[in-house]
Protein chains: 2
Amino acid sequence: MQKTVPHAAGLHRASLRKLHDLDAALELMYYGWRGMTLSADQYLATLGLSRPHHRILYVVARQPGVSIGSLIEILGISKQALNRPLNLLLERKLLTSRRSPEQHRSKLLRLTEAGKRCEQRASDHERKVVSEAFDRVGPRGAAAWMAVMGAIADNN
Amino acid sequence: MQKTVPHAAGLHRASLRKLHDLDAALELMYYGWRGMTLSADQYLATLGLSRPHHRILYVVARQPGVSIGSLIEILGISKQALNRPLNLLLERKLLTSRRSPEQHRSKLLRLTEAGKRCEQRASDHERKVVSEAFDRVGPRGAAAWMAVMGAIADNN
DNA sequence: TTTTAAGGTCAACATAGTTGACTTGAAGAT
DNA sequence: ATCTTCAAGTCAACTATGTTGACCTTAAAA
């Protein structure tokens, strides 16, 4: 009767026939991104936040005092697209914005303590996943992974 | 006077201060996905197609005669979400659907010759990027990359 | 004082998805 | 033969994340 067992669609990796040598690599890139971000996204969702919010928090954590214009450039989105998630983070007091004394026309963004905690926890989820994977292959394997990803990332 | 040179936002990798050891890895995953899919997406855009269309073509190429229900499961999207891109591919005659003689109530999808060419070219763009990156690290590095990505991907 | 730069906001739109409700067509069961 | 079930198809309303274009405000610079 072949009652099709649901695959928990999208969660598990489909096992497709490989037409080419590198097909497995293409699929791993797809599922790798999901695997890395899944638990972080679940954590963020409990706070009513999502990927765009995390990206903002991540950048501001590493560039404290960044201006809104620079943030737009770094994230590669329009100011209108930045507007909503940024304002939510400000309302929630995960971020502060003040005008600098000298450059009074640009606003400088910083994380609050709550913002730091949130960013750290979200990124920790991602780092944990990567860390465990690196542990399986040792430092040389990890270095190879970084080298491959660097070469792929530079493909603009 | 510090005239800010535009960064060609989103295209180049931002060089952010690293707060943690693995921050570089997180960023590489983000930019890696973009780097791999960029040229394929550009090719697809010339045909008025995009990522969802490519995913459909990719799966059907590797599972010829797949039913719509199975495709939905594999892709992990709703049938309503599948509907538009699938119909476009059928209209464009990149895909065919016929009811099978015995299981006449499910439709079986196959690529046309044009569909095969399109899928192959799009995927070739991605394989080329990965292939060049693998060439830089040799077979052992490539194997390590696959192992790391497999471990990350299995993080459900 | 006028211009420019940075930021903010509004509207309209695109894309890629969701859920819910319903219809159609073919197969299987009684 | 009819009823039920299953696969597919469709319609509507909604969400999230982005885009352009237009316009306004505020503060600094010419």
Side-chain angles (χ1 to χ4, degrees), chain A residues 1-7 9-11 30 33-34 37 41 44-45 47-56 60 65-91 95-109, chain B residues 1-7 9-11 30 33-34 37 41 44-45 47-56 60 65-91 95-109:
Chain A
M1 241 271 151
Q2 182 79 353
K3 185 91 166 154
T4 46
V5 173
H7 251 187
L11 290 177
Y30 180 82
W33 171 254
R34 290 191 137 34
T37 54
D41 284 342
L44 289 161
L47 306 175
L49 302 178
S50 55
R51 204 109 294 271
H53 305 104
H54 187 195
R55 285 204 297 262
I56 295 169
V60 176
V66 69
S67 71
I68 290 180
S70 302
L71 188 53
I72 285 168
E73 269 184 32
I74 293 168
L75 295 175
I77 59 174
S78 62
K79 64 178 171 178
Q80 296 91 331
L82 178 63
N83 195 25
R84 265 176 194 256
L86 181 60
N87 279 333
L88 181 61
L89 295 174
L90 289 167
E91 279 168 30
L95 283 184
T96 58
S97 98
R98 6 171 282 251
R99 302 198 178 261
S100 74
E102 64 293 346
Q103 267 288 108
H104 205 66
R105 70 181 172 195
S106 59
K107 285 191 178 175
L108 308 183
L109 300 169
Chain B
M1 239 273 151
Q2 182 79 355
K3 184 91 167 160
T4 46
V5 174
H7 252 185
L11 291 178
Y30 181 81
W33 171 253
R34 293 193 134 34
T37 54
D41 285 342
L44 290 162
L47 306 175
L49 303 178
S50 55
R51 204 111 290 275
H53 305 104
H54 188 195
R55 285 204 297 264
I56 294 170
V60 177
V66 69
S67 72
I68 289 180
S70 301
L71 188 54
I72 285 168
E73 269 184 32
I74 293 168
L75 295 175
I77 59 175
S78 62
K79 63 177 171 177
Q80 295 91 331
L82 178 63
N83 195 24
R84 266 177 192 255
L86 180 61
N87 280 332
L88 182 60
L89 295 174
L90 289 168
E91 280 167 31
L95 282 184
T96 58
S97 98
R98 3 172 284 251
R99 302 196 178 264
S100 76
E102 64 292 345
Q103 267 287 110
H104 205 67
R105 70 182 173 196
S106 59
K107 285 191 180 173
L108 308 184
L109 300 169

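Note on naming: letters A, B, ... go to the chains in the order of the sequence lines (proteins, then strands), and numbering restarts at 1 for each one. The figures that follow rest on heavy atoms only: side chains count, while hydrogens, waters and symmetry mates do not.
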* Please determine, for the side chain of B/Arg105, which listed nucleotide (D/dT19, C/dA27, D/dA28) has the closest atom? => C/dA27

* To do: For B/His54 and C/dT15, give me the distance from atom NE2 to atom C1', rounded to whole Å.
  => 18 Å

* Min side-chain heavy-atom separation B/Ser70-B/Glu73 under 4.5 Å -> no

* Presence of A/Arg99 side-chain N/O under 4.0 Å of C/dA5 phosphate oxygens OP1/OP2 -> no

* Structure fact -> Closest non-hydrogen atoms of B/Arg105 and B/Arg99, given as atom of the first, atom of the second and distance, are O-NH1, 3.4 Å

* What's the CG-C1' distance between A/Leu75 and D/dT19, to the nearest Å? -> 16 Å

* To do: Could you check how far CG of B/Leu95 sits from P of D/dA8, rounded to whole Å?
  => 14 Å

* **Separation of C/dA26 C1' from B/Ile68 CD1 (nearest whole Å)** => 14 Å

* Asked: Would you say a side-chain N or O of A/Ser78 is under 4.0 Å from OP1 or OP2 of D/dG18?
  -> no

Can you name the atoms? Protein N/O to nucleotides 10-16 of chain D N/O, anything below 3.5 Å, with the distance.
none

* When rounded to the nearest 0.5 angstrom, what is the spacing between OG in A/Ser67 and CD1 in A/Ile74? -> 8.0 Å

* Asked: Restricting to pairs with a member in residues 80-90 of chain A, which pass side-chain hydrogen bond (donor to acceptor under 3.5 Å, both in side chains), not counting sequence neighbours?
  -> A/Asn83-A/Asn87

* Using a cut-off of strictly less than 4.0 Å, decide whether B/Arg55 has a side-chain nitrogen or oxygen near OP1 or OP2 of C/dG17. => yes

* Asked: For the pair made of CG in B/Leu49 and P in C/dA16, what is the distance, rounded to whole Å?
  -> 10 Å

* How close or far is atom C1' of C/dT19 from atom CD1 of B/Ile77, stated in whole angstroms? -> 15 Å

* Tell me, do A/Val60 and A/Leu89 make a side-chain contact under 4.5 Å, heavy atoms counted? -> no

* To do: Please name the residue in the list A/Ile77, A/Leu71, A/Leu109 that meets the side-chain contact (heavy atoms from CB on, under 4.5 Å) test with A/Ile56.
  => A/Leu71

* May I ask you to evaluate whether B/Lys107 reaches the phosphate of D/dG9, defined as a side-chain N or O under 4.0 Å from OP1 or OP2? => yes

* **Between C1' of D/dT17 and CD1 of A/Ile72, the distance in whole Å** => 15 Å

* Structure fact -> Out of C/dT18, D/dT19, C/dG7, minimum distance to the side chain of A/Ala81 belongs to D/dT19

* Can you tell me how far P of C/dA6 sits from CG of A/Leu82, to the nearest Å? -> 15 Å

* Sequence-distant partners of B/Thr37, side chain to side chain contact (heavy atoms under 4.5 Å, CB included), two or more places apart -> B/Trp33, B/Asp41, B/Arg51, B/Glu126

